[in-house]
Engineer: 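Just dropping this structure here.
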Amino acid sequence: NGNTVSVVSGTSCNTAYRIKITLTSTSGLISTSCFKDVTVNDITPPTFTNCPADVVIECSGSSDAANTGTATATDNCSANVTFKDATTPGCYTLITRTWTATDPCGNTATCVQRIIKRDRTAPVITCPASGDATATDNCSATINIFFKDEGSTRTWTAVDESGNYSTCTQNTSAPRVAQTNVVQQAVAVEQTVKVDATKVPNLSSSSIKGVVKTDRLNVNAFPNPYTNEVNFRFTSPVSGKAILEVFDMTGRKLGVVYQGNINANIQKAINYKVPALNRGAMIYKFSVGNLKEHGSLLPTKQ
């Protein structure tokens with residue numbers, strides 16, 4: 001007459017039951033039974049109700065779930081949520097966090113969160129009254145320190161492995177003379193000595209020229225800090241094969257800006273478009289024969 005019977009199986013997975021159903025008349029005089037075989041199996045996976053969003057944190061920050069977010073999930077029975085990290089090291093450390101929800105019968109669901117540990121803090125640089133500058137950084141084990149002299153002022157720059165940089169200035173007691181003045185003074189001395197050489201029988205003008213001749217390469221790079229391109233202007237006191245290269249702060253070669261022959265004392269101008277992937281702190285190296293010069297290039301702060 002349409003009566004139904006409901007049976008609750010419990011939390012067992014992949015379990016078979018034989019159910020006996022007995023029908024008895026209201027008088028109790030007539031009774032009959034039948035059997036029903038039932039297999040219980042949970043095939044429904046959990047569902048995530050929250051998967052933490054991707055997040056960017058400082059390299060010194062904590063990547064614990066309490067700081068970056070926790071996933072939650074529901075299931076027709078129950079679900080246990082865990083995670084596993086895969087780390088890709090670099091200037092920007094990428095943590096790929098895979099969250100997994102598992103129910104008692106082994107059904108699973110996953111979601112992925114990306115955590116980027118980025119160094120956005122510049123080194124702390126200190127300029128003493130005399131001597132070399134020192135620097136510390138919150139992340140980088142290697143800090144490159146450079147200086148540039150302008151008159152009686154020395155500007156020190158500290159660059160970490162992510163291209164963050166800071167500067168400080170220092171007064172120097174023995175200012176360097178600008179290179180253009182050195183060249184002009186050398187020419188003036190050379191001309192004076194040539195005149196006097198006519199009065200000195202054992203001294204030739206060619207040997208005097210060897211004494212006063214400058215051996216410095218001259219390289220100007222601007223703008224510095226740069227955004228996406230750098231203009232190089234360079235001259236050499238000698239003719240020969242020249243090469244201008246750029247490297248990252250770990251010494252990895254990024255590219256060749258110029259390679260070819262140049263003439264002595266003739267300025268060469270080159271525009272270098274910095275590839276997007278290389279727009280960080282760089283070192284340029286310029287050489288002509290045995291003469292070498294180098295300097296640093298810094299990106300604009302974003």
Side-chain angles (χ1 to χ4, degrees), residues 1-23 33-122 137-142 160-164 228 248-250 252 254 275-281 299 301-302:
N1 62 359
N3 292 336
T4 61
V5 176
S6 296
V7 179
V8 178
S9 65
T11 58
S12 299
C13 300
N14 297 320
T15 303
Y17 297 91
R18 168 159 285 189
I19 300 172
K20 180 182 179 180
I21 302 175
T22 300
L23 302 178
S33 297
C34 67
F35 296 89
K36 178 70 174 179
D37 291 329
V38 178
T39 300
V40 178
N41 190 22
D42 178 12
I43 60 174
T44 303
T47 301
F48 278 98
T49 56
N50 175 61
C51 189
D54 296 344
V55 64
V56 178
I57 61 176
E58 280 291 333
C59 66
S60 55
S62 172
S63 61
D64 291 345
N67 186 47
T68 58
T70 303
T72 57
T74 60
D75 188 68
N76 59 338
C77 292
S78 62
N80 180 43
V81 179
T82 59
F83 69 82
K84 185 176 182 180
D85 289 344
T87 302
T88 304
C91 286
Y92 305 125
T93 300
L94 172 63
I95 301 174
T96 302
R97 176 164 293 173
T98 301
W99 293 90
T100 302
T102 307
D103 69 14
C105 292
N107 301 300
T108 61
T110 60
C111 74
V112 176
Q113 176 193 21
R114 294 171 181 83
I115 303 169
I116 299 175
K117 302 188 76 172
R118 178 182 177 186
D119 181 8
R120 293 176 289 187
T121 303
D137 190 69
N138 63 327
C139 295
S140 299
T142 301
D160 67 17
E161 292 172 304
S162 295
N164 303 304
N228 53 21
D248 65 15
M249 305 310 290
T250 66
R252 180 174 62 94
L254 300 178
L277 292 177
N278 297 341
R279 289 172 189 169
K301 292 184 178 181
Q302 301 296 325

Engineer: If you look only at distance, which donor and acceptor atoms sit under 3.5 Å apart when one is on a side chain in residues 44-53 and the other is two or more places apart or in another chain?
Structural biologist:
residue	atom	partner	partner atom	Å
T49	OG1	T72	O	3.3
T49	OG1	T72	OG1	2.7
N50	ND2	T70	O	2.9

Engineer: Just verifying a value: how many Å separate D37 CG and Y17 OH, rounded to the nearest 0.5 Å?
Structural biologist: 13.0 Å

Engineer: For the residue pair K84 and T100, establish whether any side-chain heavy-atom pair is separated by less than 4.5 Å.
Structural biologist: no

Engineer: Any idea which heavy atoms bring P104 and S78 closest together, and the distance?
Structural biologist: CD-O, 3.2 Å

Engineer: Dump the intermediate steps for side-chain contact (heavy atoms from CB on, under 4.5 Å) on K117 and C139, then the final yes or no.
Structural biologist: CA-CA 10 Å; K117 302 188 76 172; C139 295; over 6 Å; no

Engineer: Find the distance between CG (D42) and OG1 (T15) and round it off to the nearest 0.5 Å.
Structural biologist: 11.5 Å

Engineer: Kindly give the heavy-atom pair with the smallest separation between D64 and R97, and that separation in Å.
Structural biologist: C-NH1, 4.1 Å

Engineer: Indicate the atoms forming the closest heavy-atom contact of I57 with S62, along with that distance.
Structural biologist: CD1-O, 3.5 Å

Engineer: Output the distance between atom CZ (R118) and atom CG (L94), rounded to the nearest 0.5 Å.
Structural biologist: 13.5 Å

Engineer: So, do K20 and S33 sit near enough that their side-chain heavy atoms are less than 4.5 Å apart?
Structural biologist: yes

Engineer: Exactly one of N67, I95, T68 should register a side chain to side chain contact (heavy atoms under 4.5 Å, CB included) with V55. Which one does?
Structural biologist: T68

Engineer: For residues G69 and W99, report the shortest heavy-atom separation together with the two atoms involved.
Structural biologist: O-CZ2, 3.5 Å

Engineer: Kindly indicate whether the side chain of D137, heavy atoms from C-beta on, has any atom under 4.5 Å from the side chain of D119.
Structural biologist: yes

Engineer: For D85 and I115: C-alpha separation, side-chain torsions, deciding distance, then whether side-chain contact (heavy atoms from CB on, under 4.5 Å) applies.
Structural biologist: CA-CA 10 Å; D85 289 344; I115 303 169; 5.7 Å; no

Engineer: Provide the full list of ring pair (Phe, Tyr, Trp, His ring centres under 6.0 Å) pairs with a residue in residues 61-81, sequence neighbours left out, each pair given once.
Structural biologist: none

Engineer: Please examine the side chains of T87 and T93, heavy atoms only from C-beta on, and report whether any two atoms are closer than 4.5 Å.
Structural biologist: yes

Engineer: So, taking the atom named CG in D103 and the one named CG in N76, what distance separates them when rounded to the nearest 0.5 Å?
Structural biologist: 6.5 Å

Engineer: Quick one: are the C105 and C77 sulfurs under 2.5 Å apart?
Structural biologist: no

